[in-house]
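Index from 1, following the sequence. For ligands, and for the atoms within them, numbers begin at 1 and follow the listed sequence.
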Amino acid sequence: MQENVTTVSSERCRIGYVTRVQSFSACHRLHSKALSDEENKRIFGKCNNPNGHGHNYNVEITVRGKIDPATGMVINITDLKEYIEMAIMEPLDHKNLDKDVPYFADVVSTTENVAVFIWDNLLKFLPPNSLYEVKIHETDKNIVAYRGE
Ligand SMILES: Nc1nc2c(c(=O)[nH]1)N=C([C@H](O)[C@H](O)COP(=O)(O)OP(=O)(O)OP(=O)(O)O)CN2
Ligand SMILES: [Zn+2]
């Protein structure tokens, strides 16, 4: 009887969450083509400064999945590092988000939209339905999370 309990317990599907943190630096300007210059100034204030401003963004990428009994891993972090390099670092690091990243030509480069951009890019590399959350610390005080909804 005890043997049975042990077997069932060891076969149980365990779900884990793996988070990798990545930093990148970029500059941007909050400006919407859908708004007038006056509205842009009123809504975005100092962040609408025509010459922009910079951030050291800290991104937390969380992957959810079954802890593989054979490997002990939800995802190999070595693989996740490569996906982050391709999905975040190559397109965004040391870039002017509005001028260097075509996605932001017509999309306001708020942290919400940067999170969506990163989410969509990571989906190209990660196993289906495994990306759980992209959380961005734009500053120590400004934090945005996106879960693909
Ligand atoms: N919903 C959002 N609001 C704002 C965003 C954003 O991405 N989403 N971004 C900004 C600006 O980019 C700006 O850089 C943030 O500046 P600020 O709040 O001043 O930054 P700090 O928290 O570091 O500054 P404190 O002066 O210490 O408050 C604005 N809004
Ligand atoms: Zn900013």
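Of the protein's heavy atoms, Glu112 OE1, 2.8 Å lies nearest to atom 8 (N) of ligand 1. Atom 19 (O) of ligand 1 has as its closest protein heavy atom Lys46 NZ, 2.9 Å. At the shortest separation from atom 12 (O) of ligand 1 among protein heavy atoms lies Glu138 OE2, 2.9 Å. Protein heavy atom nearest atom 28 (O) of ligand 1, with residue, atom name and distance: Lys141 NZ, 3.9 Å. Residue, atom and distance of the protein heavy atom nearest to atom 13 (C) of ligand 1 are Cys47 SG, 3.0 Å.
Leu131 approaches Trp119 most closely through the heavy-atom pair O-CH2, 3.3 Å.
Annotation for Val108: hydrophobic cluster partners, listed by chain and number, are Leu30, Leu35, Ile43, Phe44 (ILVMFWY side-chain heavy atoms under 4.5 Å, direct or chained).
Residue contacts with ligand 1 for Thr139 involve side-chain atoms from C-beta outward but no N, CA, C or O (heavy atoms, distance under 4.0 Å).
One option in Val144, Asn142, Thr111 has a heavy atom closer to atom 7 (O) of ligand 1 than any other, and that option is Thr111.
Close approach of ligand 1 to His28 is summarised as follows: ligand atoms under 4.0 Å from at least one heavy atom of the residue are 12 (O). For ligand 1, the atoms sitting less than 4.0 Å from at least one non-hydrogen atom of Leu30 are 5 (C), 9 (N), 10 (C), 11 (C), 12 (O), 29 (C), numbered in the order shown with element in parentheses.
When only interatomic distances are considered, the shortest N/O to N/O separation between His55 and ligand 1 falls below 3.5 Å.
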